[in-house]
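In what follows, every heavy atom counts, from backbone to side chain, and hydrogens, waters and symmetry copies are set aside. In what follows, chains carry the letters A, B, and so on, assigned in the order in which the sequence lines appear, proteins first and then strands, with residues in each chain numbered from 1.
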Protein chains: 2
Amino acid sequence: MREATDLHASLCQAIADPTRISILYALNEKPCRVNELVTQLQSPQATISRHLKILREQAIVETHREGSFVTYSLGYQRIIQALDIMRSIKLDIVRKEHDLIHE
Amino acid sequence: MREATDLHASLCQAIADPTRISILYALNEKPCRVNELVTQLQSPQATISRHLKILREQAIVETHREGSFVTYSLGYQRIIQALDIMRSIKLDIVRKEHDLIHE
DNA sequence: CTCGTATATGTGAATAAACGAATATGCGAA
DNA sequence: TTCGCATATTCGTTTATTCACATATACGAG
């Protein structure tokens, strides 16, 4: 099952970046144009576009063109569930470390 | 929230590798010694140890020493839930691509 | 202590990811 | 067509990641 696991990992890899995580959470609030993401995340437009491309290639996000605007939206809402689980785990870990230090 | 997102991403990064995904699923079946993982995943011992170190640093796995043996186990079972969600998403994506080609 | 097994790590090479800056494309308006 | 805005891509560089190989450490047996 090496092959399936590689595919699995490629999806995980695609969400393993702080900018892309922020994009996904923003899109979870509502579909956004590239511009909105740029101002919301305060990153250069080229950076946002590059990260969007990676998400597009993994088919995690969908695009919809209207004139010169491109609106991005989540292709699979449950990617947010996965991210939320990870975030809660990380929170537990950080809390545990904190408790150990202040015990 | 840049900082929190970075932590979030570091956890995602830790599971974004095929070998580490295989290790996590193996540990989900039962706690394993390094040796068992080596034979089960058919990777060099140094490789396995390296990946275990990454998982350890992120506190995703726990270790228990008995003599010269070290048994690894999952620190947070719900990491598997997150992985399962991603796997199901990837499956959907692959199926959709397949359907498009053979339509 | 010495030996053998189990596990961990250092090092260097190969590969991949990320970024900034510049440039290119796509599209509507005039 | 030309201009200007929205978005995408290329290039060169820097930084991370991964691996194989060798070596190091930790521990129990004897």
TODO: May I have the distance from B:Leu55 (atom CG) to D:dT18 (atom C1'), rounded to whole angstrom?
DONE: 14 Å
Open item on the list: What's the closest nucleotide to the side chain of B:Ser68 if the choices are D:dC27, C:dT9, C:dA8?
Closed with: D:dC27
- [ ] Grab the CG-P distance between B:Leu52 and C:dT7 for me, whole Å please.
- [x] 10 Å
- [ ] Round to a whole Å and report the spacing from CZ of B:Arg33 to P of C:dA8.
- [x] 13 Å
Open item on the list: Using a 4.0 Å heavy-atom cut-off, does B:Ser49 contact any base of the nucleic acid, only the sugar-phosphate backbone, or nothing at all?
Closed with: base
Open item on the list: From CD of B:Gln13 over to P of D:dT15, roughly how many Å is that when rounded to an integer?
Closed with: 18 Å
- [ ] Among D:dT7, C:dT9, C:dG20, find the nucleotide with the atom closest to the side chain of B:Ala46.
- [x] C:dT9
TODO: Taking only the side-chain nitrogens and oxygens of B:Asn35, find out if one of them lies under 4.0 Å from OP1 or OP2 of C:dT7.
DONE: yes
Task: Rounded distance in Å - CD1 (B:Ile54) to P (C:dT9) - done: 12 Å
TODO: Rounded off to whole Å, could you give me the CZ-to-P distance for the A:Arg65 and D:dA6 pair?
DONE: 13 Å
Open item on the list: Quick check for you: among D:dT9, C:dA8, D:dT7, whose closest atom lies nearest to any side-chain atom of B:Arg56?
Closed with: C:dA8
TODO: For salt bridge (Lys or Arg N to Asp or Glu O under 4.0 Å), just list the numbers for B:Arg78 and A:Asp92, CA-CA rounded to whole Å, side-chain angles, deciding distance to a tenth of an Å, and then say yes or no.
DONE: CA-CA 12 Å; B:Arg78 55 201 202 287; A:Asp92 283 1; 2.8 Å; yes
TODO: Using a cut-off of strictly less than 4.0 Å, decide whether B:Thr47 has a side-chain nitrogen or oxygen near OP1 or OP2 of D:dT18.
DONE: no
Task: Protein-nucleotide distance (A:Ile48, atom CD1; C:dG20, atom P), rounded to Å - done: 11 Å
Task: 5' precedence on DNA chain D between A:Arg50 and A:Phe69 (nearest-nucleotide basis) - done: A:Phe69
Task: Any B:His51 side-chain nitrogen or oxygen under 4.0 Å from OP1 or OP2 of D:dC19 - done: yes
Open item on the list: Between the base of D:dA6 and the side chain of A:Gln45, is there a donor and acceptor pair under 3.5 angstrom?
Closed with: no
TODO: Between B:Glu36 and A:Pro44, name the one whose nearest nucleotide on DNA chain C is closer to the 5' end.
DONE: B:Glu36
Open item on the list: For A:Tyr72 and A:Arg56, which I'm curious about, is there any donor-acceptor pair between the side chains at under 3.5 Å?
Closed with: yes
Task: Minimum-distance nucleotide to A:Lys53 side chain [options: D:dT9, D:dT17, C:dG20] - done: D:dT9
Open item on the list: Which heavy atom of B:Leu24 sits nearest to which heavy atom of B:Val61, and what is that distance?
Closed with: CD2-CG1, 4.1 Å
TODO: Specify the separation, in whole Å, of atom CD1 of A:Ile23 and atom P of D:dT7.
DONE: 13 Å
Open item on the list: Please give me the minimum heavy-atom distance between B:Leu55 and B:Ala14, naming the atom from each residue.
Closed with: CD2-O, 3.8 Å
- [ ] From the options D:dA8, D:dA20, C:dA8, select the nucleotide whose nearest atom is closest to the side chain of A:Tyr72.
- [x] D:dA8
Task: Exercise: identify the closest heavy-atom pair between B:Ser43 and B:Val38 - done: O-CG1, 3.3 Å
